[in-house]
Each structure stands twice: as structure tokens, then as C-alpha cells.
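To start, the structure itself, in C-alpha cells.
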Amino acid sequence: MQVTARFFAILKDRAGVAELILELPAGATVTSAIELIVKQFPAIQSDLKRAAFAVNRNYTNTDLVLSDGDELALIPPVSGG
Amino acid sequence: MQVTARFFAILKDRAGVAELILELPAGATVTSAIELIVKQFPAIQSDLKRAAFAVNRNYTNTDLVLSDGDELALIPPVSGG
Amino acid sequence: MIDDRIEILATDLSWDEAVKSVSDGRAGGIDVFLGTTRAEKAADGRDLIALDYEAYEQMALDQMKALAARAREKWPIVKIAMLHRVGRVLIGEPSVVIAVSTPHRADAFEACRFLIDELKKDIAIWKKEVWSDGSASWVHPGQGQGARGEGQEE
Amino acid sequence: MIDDRIEILATDLSWDEAVKSVSDGRAGGIDVFLGTTRAEKAADGRDLIALDYEAYEQMALDQMKALAARAREKWPIVKIAMLHRVGRVLIGEPSVVIAVSTPHRADAFEACRFLIDELKKDIAIWKKEVWSDGSASWVHPGQGQGARGEGQEE
């Protein structure tokens with residue numbers, strides 16, 4: 001299945017990527033998707049520790065099982081306003 | 001001596017007068033000026049009970065001795081804003 | 001130099017101008033309050049159509065300046081604008097605009113709230129309700145009159 | 001019908017439009033908050049020249065709408081406007097404008113304060129400091145970076 005990963009702010013800068021499409025096995029969780037991403041972009045590892053995650057634009061915990069077509073966002077600590 | 005009296009809001013409407021010049025004896029206080037005004041405009045008597053007074057644009061108590069050229073304002077309860 | 005903008009005006013209040021006049025690179029937050037004429041219906045079916053404001057202008061301006069100075073003693077204010085209407089203020093229109101800029105937002109909110117609360121207490125300004133049947137009555141808090149407009153009910 | 005105005009914009013925020021969009025005959029008070037870029041000087045003498053804002057727009061808009069709904073549960077709100085910039089916001093310019101109209105002023109102040117405080121907590125928007133020497137750094141609260149702008153220091 002395919003899941004779109006989106007990077008923002010410092011994570012986007014560190015990865016040098018704003019968006020990519022992951023090919024994942026059925027049953028993959030947010031955690032397994034993140035592990036795959038870290039392998040490809042080790043530069044984001046330390047900043048990821050403080051990141052939150054959203055699937056389809058809602059904050060989620062990392063146990064969530066992903067579905068084909070999901071949008072997974074890597075959310076560094078926010079600083080709007 | 002002469003003191004200018006100014007009327008505002010409901011007191012202006014009841015008296016039918018916005019401003020007048022009082023002729024007062026030396027040593028006259030706010031109280032004596034008000035007594036003179038009430039004689040001329042008995043219609044304001046009940047509303048005067050809740051009024052405050054200002055001399056030269058500062059709130060004052062009624063014991064104040066007036067001076068020639070003072071401006072005495074009759075201030076009903078305010079309702080700005 | 002303190003260049004607060006404190007005015008009593010017979011023309012429409014420009015909140016746009018008020019915000020511009022307090023905008024400043026030293027400020028991280030601006031709070032603006034607008035008091036507007038709220039529609040009301042009397043028990044007998046009359047509609048409020050406007051509030052007519054009258055001011056003892058020289059005294060009210062002195063009081064507003066003194067009030068701004070009191071706020072400056074309490075909060076680290078960059079700039080203040082206080083504009084008050086006289087004359088007829090129709091439903092939905094502002095009778096008062098207060099804008100405060102401060103380095104941090106908590107102070108802007110607190111100072112703005114202080115300024116409108118205090119302005120309503122003792123500034124020499126009065127409002128008269130104007131009703132759809134042509135009747136009109138002065139609003140004098142505590143006199144048992146039907147209280148209307150933003151100020152009276154709080 | 002709730003016609004709150006909630007937008008993320010790449011162009012200058014119009015507080016004038018925000019106030020107009022919440023003006024309403026049912027309201028006696030409007031509170032407006034503007035968060036503006038505050039001038040800063042770093043310890044090494046660099047000057048802050050701007051904040052660059054980035055948003056996860058679809059998520060941030062959903063969050064802002066949900067936040068407006070939460071405020072409506074707490075206060076009797078007539079209308080809300082929440083505008084947030086993306087892109088470069090120079091010193092003194094607003095990055096966020098929130099306007100709330102309510103029948104009585106206390107509610108407008110409280111709801112507006114709630115909206116800006118909550119907006120800063122979890123809406124998917126980020127700011128980057130841009131300095132006079134060409135350097136830039138993301139502001140991520142709690143990461144020990146020098147906090148700048150309205151949001152970080154409170």
C-alpha cells in the first residue's frame with residue numbers, strides 16, 4: 001500500500017524533502033512508517049524525538065495501523081501565532 | 001463674582017439650558033451655587049440628587065469655595081462606552 | 001515621548017486608524033476593543049434604533065488622558081489609542097474603540113480591559129436611547145431605567 | 001448558520017476586514033487581537049528582520065474551525081474571525097488576527113484570549129526567525145532555541 005508522508009518546518013529542512021510516497025506492507029503502523037523514513041533520512045532522527053504525528057490531518061498515536069492512501073504528517077513542535 | 005454653570009444629559013434636558021452664568025457673592029461654595037440653580041430650575045431637583053459636580057473639569061465635593069471665572073459642571077451618572 | 005491617540009469624535013470611528021496608530025516594532029501584541037450599539041427590543045415591542053452620545057469634551061479628554069497614564073503605570077504599554085464617539089451611533093456601529101500595543105499579549109488584553117472598564121465608570125460621557133416610536137431616554141446607571149448598549153449591563 | 005471567517009493567507013492580513021466580518025447588531029462588544037512581529041536583537045548583535053510562517057494548511061484550517069467551535073461552547077459568541085499569515089511577516093506586521101463579537105464585552109475578551117492561547121498550543125503552523133546576517137532558525141518551543149515573536153515568550 002502507499003502512504004504519503006509530509007514533512008514540515010525543521011523536519012522538512014533537515015530531510016530536504018517536503019513530501020514523499022512510501023510503499024508499505026499491509027498492517028504497517030505509524031511507528032513502522034517512521035522507522036522507514038528515518039532509515040532514508042537519518043538527519044531528522046534527533047528532531048523526530050520531539051515530533052508529533054498526524055494521519056489524515058488529525059493527531060494520532062504511533063500504534064495506529066495505516067491504510068492505503070493515508071497522509072502521514074511529521075509535526076515538529078508548533079509555533080504559530 | 002461670575003461662575004459659569006454647565007448642564008449635561010438629563011439635567012440639560014430637564015433644565016432646558018446647557019450653560020448659564022451665575023452672579024455669586026464672594027465666598028460662595030458649590031452648595032450655594034447649586035441652591036441658586038435649583039431655585040431657578042426646580043425641574044432638576046430630583047435628578048440632582050444623584051449628580052456629581054466638577055469645577056474646572058475636575059470632580060469636586062460641594063464644600064469647595066468657588067472663584068471668579070470658575071466653570072461648575074452638573075454631572076449626572078455617566079454612561080459612556 | 002508618549003504619542004497616545006485620545007480623541008472624541010463626531011464622525012465614524014476608524015478602528016483601522018486606531019490599530020495603525022498603536023502598531024510598533026516594539027510590540028508583539030495588540031488588543032483592540034470596540035463597543036458597539038446592540039439591537040434591543042423593549043417589552044412593549046419598540047425597537048432601539050440608535051444611541052445618542054453626549055460628552056463634556058474638555059473634561060472627558062482630560063479624564064481619558066489620565067486613565068491612559070494610569071494604565072501605563074500598571075503595564076508596559078507601547079502605545080494606546082482611545083476614540084469615543086459623540087452624536088448618533090446606529091445599531092452595529094462602534095461608540096468606542098480602544099487599542100493597546102504591548103511587548104507581550106497578556107498585558108495588551110489586561111490593559112485594554114482595564115481601559116474600557118474604567119472608561120465606563122467615571123468619564124463625563126452620556127448616552128441616550130433612541131427608540132423606533134420616537135421616544136428617547138437617557139441612560140443613567142442605577143436609576144432603574146432600562147439599561148441598553150454595551151455599557152450598562154455589565 | 002455560523003459564518004465564521006477562518007483563513008490562512010499569504011497576503012497582508014486585513015484587521016479592517018476581520019472587524020467588519022464580525023460586526024453585528026446582536027453584538028455589544030468586539031475584541032480583536034493582533035499578534036505582530038516584535039523587533040529583537042540577539043546577544044551577538046544580529047537584528048531580527050522578519051518571521052517566516054509555514055502551515056500545514058488543510059490540518060491547520062480544520063484545527064482552527066474546531067477551536068472556534070470549542071469557543072462557541074464556552075461563550076455566547078455572535079461571530080468569530082481568525083486569520084493567520086503564511087510567508088514573511090516583517091517587524092510590526094501582524095501574523096495573526098482574531099476578532100470575536102459577543103453581546104457583552106467580558107465574553108469577547110475571554111473568548112479572544114482563549115482563541116489566541118489555544119491557537120499557539122497545537123495548530124499546525126511554524127515560524128522561522130530571519131536575522132540580519134542572513135541566518136534563520138525555526139522556533140520550536142521547548143527546544144532551547146531563543147524564543148522570538150509574540151508567541152514564544154508567554
Side-chain angles (χ1 to χ4, degrees), chain B residues 2-22 29-31 33-34 36-38 41-81, chain C residues 8 33-38 51-67 82-86 89 94-98 113 115-129 136-154:
Chain B
Q2 294 194 329
V3 167
T4 300
R6 298 188 63 175
F7 298 69
F8 292 95
I10 199 168
L11 293 173
K12 183 176 69 175
D13 284 1
R14 293 255 196 271
V17 161
E19 187 171 326
L20 56 82
I21 296 177
L22 300 169
T29 62
V30 169
T31 298
I34 297 299
L36 187 64
I37 290 168
V38 170
F41 305 100
I44 69 170
Q45 190 154 18
S46 71
D47 287 298
L48 255 191
K49 284 173 194 154
R50 300 192 65 253
F53 305 98
V55 169
N56 301 334
R57 296 168 294 286
N58 288 298
Y59 285 114
T60 185
N61 63 50
T62 52
D63 297 334
L64 185 80
V65 175
L66 294 163
S67 300
D68 186 50
D70 278 353
E71 179 171 293
L72 168 64
L74 282 57
I75 313 263
V78 299
S79 55
Chain C
I8 293 175
F33 176 77
L34 295 88
T36 53
T37 302
R38 187 178 58 240
L51 295 170
D52 277 355
Y53 284 85
E54 175 179 328
Y56 181 8
E57 286 201 22
Q58 307 94 316
M59 180 168 169
L61 284 170
D62 287 350
Q63 290 178 297
M64 288 161 75
K65 287 173 190 165
L67 179 52
M82 300 178 77
L83 311 179
H84 203 297
R85 273 292 308 275
V86 287
V89 181
S95 53
V96 58
V97 175
I98 298 178
R113 180 77 194 268
L115 288 167
I116 182 64
D117 287 352
E118 293 298 309
L119 179 143
K120 287 168 172 284
K121 280 187 194 164
D122 72 351
I123 307 288
I125 300 177
W126 302 268
K127 63 165 80 69
K128 184 164 63 174
E129 301 165 338
S137 55
W138 287 101
V139 177
H140 293 309
Q143 281 189 317
Q145 293 176 277
R148 299 294 174 277
E150 210 283 320
Q152 279 52 58
E153 308 189 23
E154 295 161 89

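Here is the naming used below: chain letters follow the sequence lines, and residue numbers restart at 1 for every chain.
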Can you find a heavy atom in the side chain of B:R14 that is under 4.5 Å from one in the side chain of C:W138? no

Check whether C:A60 gets within reach of chain B through its side chain, its backbone, both or neither, counting any heavy atom under 4.5 Å. neither

Taking every non-hydrogen atom, the tightest pair across C:Q63 and B:Y59: NE2-CE1, 3.2 Å

For B:P76, is there any backbone N or O sitting under 3.5 Å from a side-chain donor or acceptor partner on C:W126? yes

Between C:H84 and B:G81 (side chain of the first, backbone of the second, donor and acceptor by atom type, cut-off under 3.5 Å), is there such a pair? yes

Evaluate whether atom CD of B:Q45 has more than 12 neighbouring non-hydrogen atoms of other residues, nucleotides or ligands under 6.0 angstrom away. no

For a quick test of reading the model, state the closest non-hydrogen atom pair linking B:F7 to C:E54 and the distance between them. O-OE2, 4.4 Å

What are the two closest non-hydrogen atoms of B:A73 and C:Y56, and how far apart are they? CB-CE2, 3.3 Å

Checking C:D122 now: which residues fulfil salt bridge (charged side-chain N to carboxylate O under 4.0 Å, His left out) with it, not counting sequence neighbours? none

With a 4.5 angstrom heavy-atom cut-off, which part of C:L119 approaches chain B: side chain, backbone, both or neither? side chain

Side chain from CB out, backbone as N, CA, C, O: work out which of these in B:A9 comes under 4.5 Å of a heavy atom of chain C, or both, or neither. both

In Å and rounded to the nearest 0.5 Å, what is the CD to CD distance from C:Q58 to B:E71? 6.0 Å

Between C:K120 and B:V78, which heavy-atom pair has the shortest distance, and what is it? O-CG2, 3.8 Å

Could you check if a side-chain atom of B:D13 sits within less than 4.5 angstrom of a side-chain atom of C:K128, using non-hydrogen atoms only? yes

Which value, rounded to the nearest 0.5 Å, describes the distance between C:M59 atom CE and B:N58 atom CG? 6.5 Å

